[in-house]
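For reference, the structure discussed in these notes is given below.
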Amino acid sequence: QVQLVESGGGLVQPGGSLRLSCVTSGAAFSTSAMGWFRQAPGKEREFVAAISRFSTSTSVVASAKGRFTISRDNAKSTVYLQMSSLKPEDTAVYYCAVLQSYGSKTPYDYWGQGTQVTVSS
């Protein structure tokens, strides 16, 4: 059974930074591409970032390029999302996901509880 546990969210002022973490168990973490998604109130869940199995490739949604960085530590089965220059429109619940492939950015239907990020003054 795959378990995903996200943490690191909180309330931050515009322009601030947060680092999200996601610990994974029950999946072959080191051989899986991983991703971050987010869901704002009243909106569909959307893709945010992806990283390939051995960190050779990363991608970030256009609205977050230059502000968000995805990374992973295979020894710790953990994927991270470093977020800086946060904007109110980044407010959402953030989820990590095991991807079917890096290229597709399609997540398997395993989800954790998510971590709330609120950007507000």
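Note that the structure is a prediction, hence the values are computed from the model and not measured.
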Going through the checks in order, is the side-chain contact (heavy atoms from CB on, under 4.5 Å) test met by Arg38 and Thr91? CA-CA 9 Å; Arg38 65 186 178 188; Thr91 295; over 6 Å; no
Test Leu20 against Met83 for side-chain contact (heavy atoms from CB on, under 4.5 Å), laying out the working first. CA-CA 8 Å; Leu20 307 184; Met83 306 185 296; 3.8 Å; yes
List the steps, then state whether side-chain contact (heavy atoms from CB on, under 4.5 Å) holds for Trp111 with Leu4. CA-CA 6 Å; Trp111 300 99; Leu4 304 160; 5.5 Å; no
side-chain contact (heavy atoms from CB on, under 4.5 Å), that's the test. Do Asn74 and Phe29 meet it? Break it down for me. CA-CA 7 Å; Asn74 286 351; Phe29 182 85; 3.2 Å; yes
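Side-chain contact between Val117 and Leu18 is present, with heavy atoms from C-beta onward closer than 4.5 Å. Put simply, the side chain of Glu46 does not reach to within 4.5 Å of the side chain of Gln39, judged on heavy atoms. In this structure the side chain of Val98 reaches within 4.5 angstrom of the side chain of Met34, judged on heavy atoms.
Sorted by first and then second residue, the disulfide (SG to SG under 2.5 Å) pairs involving residues 36-95 (not counting sequence neighbours) form an empty list. A disulfide (SG to SG under 2.5 Å) check over residues 14-114, counting only residues at least two apart or in different chains, returns the pairs Cys22-Cys96.
Between Asp73 atom CG and Ser30 atom OG the span is 11.5 Å, to the nearest 0.5 Å. To the nearest 0.5 Å, atoms OG (Ser59) and CD1 (Ile70) are separated by 7.5 Å. With values rounded to the nearest 0.5 angstrom, Thr106 atom OG1 is found 10.0 Å from Phe47 atom CZ. Arg67 contributes atom CZ, which lies 12.0 Å from atom CD of Gln82 (distance to the nearest 0.5 angstrom). With values rounded to the nearest 0.5 angstrom, Glu6 atom CD is found 8.5 Å from Thr24 atom OG1. From Gln13, atom CD reaches atom OG of Ser121 across 7.0 Å, with rounding to the nearest 0.5 Å.
In terms of heavy-atom proximity, Ala92 sits nearest to Ala40 at CB-N, 3.8 Å.
At a threshold of 4.5 Å between side-chain heavy atoms, the hydrophobic network of Ile, Leu, Val, Met, Phe, Trp and Tyr places Trp36 and Val12 in one connected group. At a threshold of 4.5 Å between side-chain heavy atoms, the hydrophobic network of Ile, Leu, Val, Met, Phe, Trp and Tyr places Leu81 and Leu11 in two separate groups. Hydrophobic clustering, with ILVMFWY side chains joined whenever heavy atoms are under 4.5 angstrom apart, groups Val79 together with Val2.
With a 6.0 Å radius and a threshold of 12 heavy atoms from other residues, nucleotides or ligands, Tyr110 has its OH atom at or below the threshold.
Formation of a donor-acceptor pair under 3.5 Å by the Tyr94 side chain with backbone atoms of Gly8 is not found in this model. Side-chain atoms of Ser63 never come within 3.5 Å of backbone atoms of Val61 as a donor-acceptor pair (strictly under, hydrogens ignored). Put simply, the side chain of Ser17 never gets that close to the backbone of Ser84: no donor and acceptor are under 3.5 Å apart.
Remark: Arg72 is not positioned above the aromatic ring of Tyr80, lacking an NZ or CZ atom under 6.0 angstrom from the ring centre and at most 45 degrees off the axis. For Arg45 and Tyr95, the positive end sits near the middle of the six-membered ring, less than 6.0 Å away and at most 45° from its axis. By the 6.0 Å and 45° rule, Lys65 does not stack over the aromatic ring of Phe68.
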